[in-house]
Amino acid sequence: MASPSSKRNPPPSQASEKPSLHDVPPSAWLLALELRAFWEFGALLPAWPLLARAPRGDGHAVMVFPGLSANDASTVPLRHYLQSLNYKTWGWDQGFNFGPRAGVLEEARDKLVRTFEATGRKVSLIGWSLGGVYARELAKELPDMVRGVITLGTPFAGSHKATNAWRIYELTSGRNVERESENYDLPAAPPVPTTSIYSRSDGVVAWQASIQAPSAANPKTENIEVLASHIGLGVNPSAWWAVADRLAQPEGGWRPFPREDRGRLHGLVYPDPARS
């Protein structure tokens, strides 16, 4: 997939330790289970009393990028939730995300610059699926303007065959995803705090393709597993809590998502990412 950064390979000192690229998409059974997204959205109401107790933010700006073939309407629930926690949120304001067509990446970059200049503070970037690729690559290009990156089911560590959506990507963008991917080092971590939220039961993107490998250049990276569908990641209560927890960290005071024993429920909601 394309990125908004210039087409160059990073120097060895900045490259991540790349895993072997996963090239098997989720099964047809997992794809069928994407209908769970309606249940995940419905679960927000009973989960709201707990979600409202998430750490409050410091008022900094958050930009949210939608997934492939989606628009800002898909991220309205998440953005409204973050607003309730004292963040200033923006969508990407470019209609449906049909891939990095002419002018799309430039406008995304310009909006980040405008937001940074208007607020005078670094901006957090959140990207859902393909939107996470934009967020990661913008952070690589403009790290001095980005506070941190959070992705939801974003395929950056796998081949183009690791998703059930690559044909849709080529159809809507008019680009060859395999040829474009060869021009960028998508698995490399941005030089800012970076969190990848993923689900092993994702029916669109193979979960292995969303795993950030350790980075010698940036130790502030992590993977958080949740129980969710791909389509439901943006409205999943456990994903929302993880996003809120990550955003609330003080600038310059990043720590990994807490893994200490918080009881059996915590372990069920956030499985140990180290498990095989």
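For reference, positions follow the sequence shown, starting with 1.
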Inset, instruction - Say whether V123 and M145 are linked into one hydrophobic cluster, either directly or through other cluster members, by side-chain heavy-atom distances under 4.5 angstrom. - result: yes
Donor-acceptor under 3.5 Å ([X] side chain, [Y] main chain):
{"X": "K220", "Y": "P256", "value": "no"}
{"X": "Y81", "Y": "V76", "value": "no"}
{"X": "N86", "Y": "G57", "value": "yes"}
{"X": "S27", "Y": "L30", "value": "yes"}
{"X": "N97", "Y": "P66", "value": "yes"}
{"X": "E107", "Y": "Q94", "value": "no"}
{"X": "S74", "Y": "A70", "value": "no"}
{"X": "S84", "Y": "L82", "value": "no"}
{"X": "E222", "Y": "F257", "value": "yes"}
{"X": "W90", "Y": "D93", "value": "no"}

Closer than 4.0 angstrom, basic N to acidic O: yes or no for [X] and [Y]?
{"X": "R121", "Y": "D58", "answer": "yes"}
{"X": "R109", "Y": "E106", "answer": "no"}
{"X": "D245", "Y": "R255", "answer": "no"}

Would you say the side chain of [Y] lies within less than 4.5 Å of the side chain of [X], judging by non-hydrogen atoms?
{"X": "P26", "Y": "N164", "result": "yes"}
{"X": "I126", "Y": "V243", "result": "yes"}
{"X": "M63", "Y": "K111", "result": "yes"}
{"X": "W240", "Y": "N236", "result": "no"}
{"X": "S229", "Y": "E40", "result": "yes"}
{"X": "L125", "Y": "V62", "result": "no"}
{"X": "V269", "Y": "L227", "result": "no"}
{"X": "L233", "Y": "D202", "result": "yes"}

Where do [X] and [Y] come nearest, in terms of heavy atoms and distance?
{"X": "P191", "Y": "A139", "result": "CD-O, 3.9 Å"}
{"X": "G99", "Y": "Y134", "result": "C-OH, 3.2 Å"}
{"X": "I168", "Y": "S69", "result": "CG2-OG, 3.9 Å"}
{"X": "F156", "Y": "S196", "result": "CE2-OG, 3.8 Å"}
{"X": "V64", "Y": "R79", "result": "CG2-CG, 3.6 Å"}
{"X": "A108", "Y": "F65", "result": "CB-CE2, 4.1 Å"}

Legend entry - Candidate list H160, Q208, K161, test side-chain contact (heavy atoms from CB on, under 4.5 Å), partner D23, passing option: K161
Taking atom types as modelled, is there a side-chain donor on [X] or [Y] under 3.5 Å from an acceptor on the other?
{"X": "Q212", "Y": "N223", "value": "no"}
{"X": "R246", "Y": "S124", "value": "no"}
{"X": "S129", "Y": "H230", "value": "yes"}

Inset, instruction - Could you please spell out the steps behind the side-chain contact (heavy atoms from CB on, under 4.5 Å) verdict for L51 and L44? - result: CA-CA 8 Å; L51 289 171; L44 288 175; 4.1 Å; yes
Inset, instruction - Before giving the answer on side-chain contact (heavy atoms from CB on, under 4.5 Å), spell out for K122 and V146 the whole-Å C-alpha distance, their side-chain angles and the decisive distance to 0.1 Å. - result: CA-CA 5 Å; K122 291 184 178 181; V146 177; over 6 Å; no
Inset, instruction - Determine, stepwise, if the pair I197 / I150 fulfils side-chain contact (heavy atoms from CB on, under 4.5 Å). - result: CA-CA 7 Å; I197 298 175; I150 302 172; 3.9 Å; yes
Legend entry - Derivation and outcome, salt bridge (charged side-chain N to carboxylate O under 4.0 Å, His left out), residues E137 and K140: CA-CA 5 Å; E137 298 303 310; K140 295 176 189 179; 2.7 Å; yes
